[in-house]
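We name chains A, B, ... by the order of the sequence lines, and we start the count at 1 in each one. Just so you know, these numbers use all the heavy atoms, side chains as well, and skip hydrogens, waters and symmetry mates.
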Amino acid sequence: EAQVTQNPRYLITVTGKKLTVTCSQNMNHEYMSWYRQDPGLGLRQIYYSMNVEVTDKGDVPEGYKVSRKEKRNFPLILESPSPNQTSLYFCASSYVPVLAYEQYFGPGTRLTVT
Amino acid sequence: AQSVTQLDSHVSVSEGTPVLLRCNYSSSYSPSLFWYVQHPNKGLQLLLKYTSAATLVKGINGFEAEFKKSETSFHLTKPSAHMSDAAEYFCDTPRRYQFYFGTGTSLTVIP
């Protein structure tokens, strides 16, 4: 089954404790991306990757890191989480060119930083 | 900058009546546009997409949308709402390698 998986689905942590949210896709998509969803703001793009070892910032990259060492995986790293990073996070993947193809989304990771 | 604006944050309809969810875009060139649906505690799922082909696009679950360049709109419609349509809906447009989502419209279907 074609899918994007994220882990963990729920995470409660404390300020400053480094964490990683994993994302994996099995569709051989070149493009992968991370979003955060906040009430009233919709989805905002954090980082995206066009292919292995190629990443770039989205609209809200501050406080986040990513890496793309393998085509199927695109982890999101919060090195020093803060309460304003409490949000619902989605990973997505797509073929390129992105103008022509829809994104496939993971089920989401709900992060709470206290 | 390319972006989309969803004109209603909440829409309520009675079961069996038409649904209209509005999305306007701003772009200096012909965009690609997508509508996604998000059911509670789920990820987003594609409803339909416009990529410069036919202006009337049919999607899943009876939804369709019409691209109107003169009005810079891509409104989502369905002739008859079903209880299972209650969800959050997002329109979205890519520019180069980035995606720009609207703020979402929450659809309530009243029995």
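A:Asp59 touches chain B through backbone and side chain together, each having a heavy atom under 4.5 Å away. For chain B, the nearby part of A:Leu41 is the backbone; its heavy atoms alone come within less than 4.5 Å. Only the backbone of B:Lys42 comes within less than 4.5 Å of a heavy atom in chain A; its side chain stays farther off. With a 4.5 angstrom heavy-atom cutoff, B:Tyr97 touches chain A via backbone and side-chain atoms both. A:Arg9 touches chain B through its side chain: at least one heavy atom from C-beta onward sits under 4.5 Å away, while N, CA, C and O do not.
Under the 4.5 Å side-chain heavy-atom criterion for ILVMFWY residues, a single connected hydrophobic cluster contains both B:Leu107 and B:Ile60. Tracing side-chain contacts under 4.5 Å through hydrophobic residues (I, L, V, M, F, W, Y), one never reaches A:Met27 starting from A:Tyr48; they form parts of separate clusters. Cluster annotation: B:Leu21 is connected to B:Phe67 through the hydrophobic network of ILVMFWY side chains, with a link wherever side-chain heavy atoms come within less than 4.5 Å. Under the 4.5 Å side-chain contact rule for hydrophobic residues, A:Leu76 and A:Leu19 share a cluster. One hydrophobic cluster, built from ILVMFWY side chains closer than 4.5 Å, cannot hold both A:Val66 and A:Met50; they sit in different ones.
Distance CG/B:Leu48 to CD/A:Glu102: 10.5 Å, rounded to 0.5 Å.
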**Item:** Criterion side chain to side chain contact (heavy atoms under 4.5 Å, CB included) on A:Gln103 and B:Tyr36, from CA distance to verdict
**Value:** CA-CA 10 Å; A:Gln103 295 182 89; B:Tyr36 290 89; 3.7 Å; yes
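Distance alone, capped at 3.5 Å, places no donor-acceptor pair between the B:Lys49 side chain and the A:Tyr101 backbone.
A ring-centre distance under 6.0 Å is found for A:Tyr31 and B:Phe99.
In terms of heavy-atom pairs under 4.5 Å with chain A, the best-connected choice from B:Gln45, B:Gln38, B:Glu88 is B:Gln38. Ranked by non-hydrogen atom pairs under 4.5 Å with chain A, the options B:Thr51, B:Asp92, B:Leu44, B:Leu46 are led by B:Leu44.
The two residues B:Phe101 and A:Leu43 come nearest to each other via the heavy atoms CB-O, 3.6 Å.
Other residues, nucleotides and ligands contribute more than 12 heavy atoms inside 6.0 Å of the CG atom of A:Asn84. The environment of A:Ile12 atom CD1 is sparse: at most 12 non-hydrogen atoms of other residues, nucleotides or ligands sit within 6.0 angstrom.
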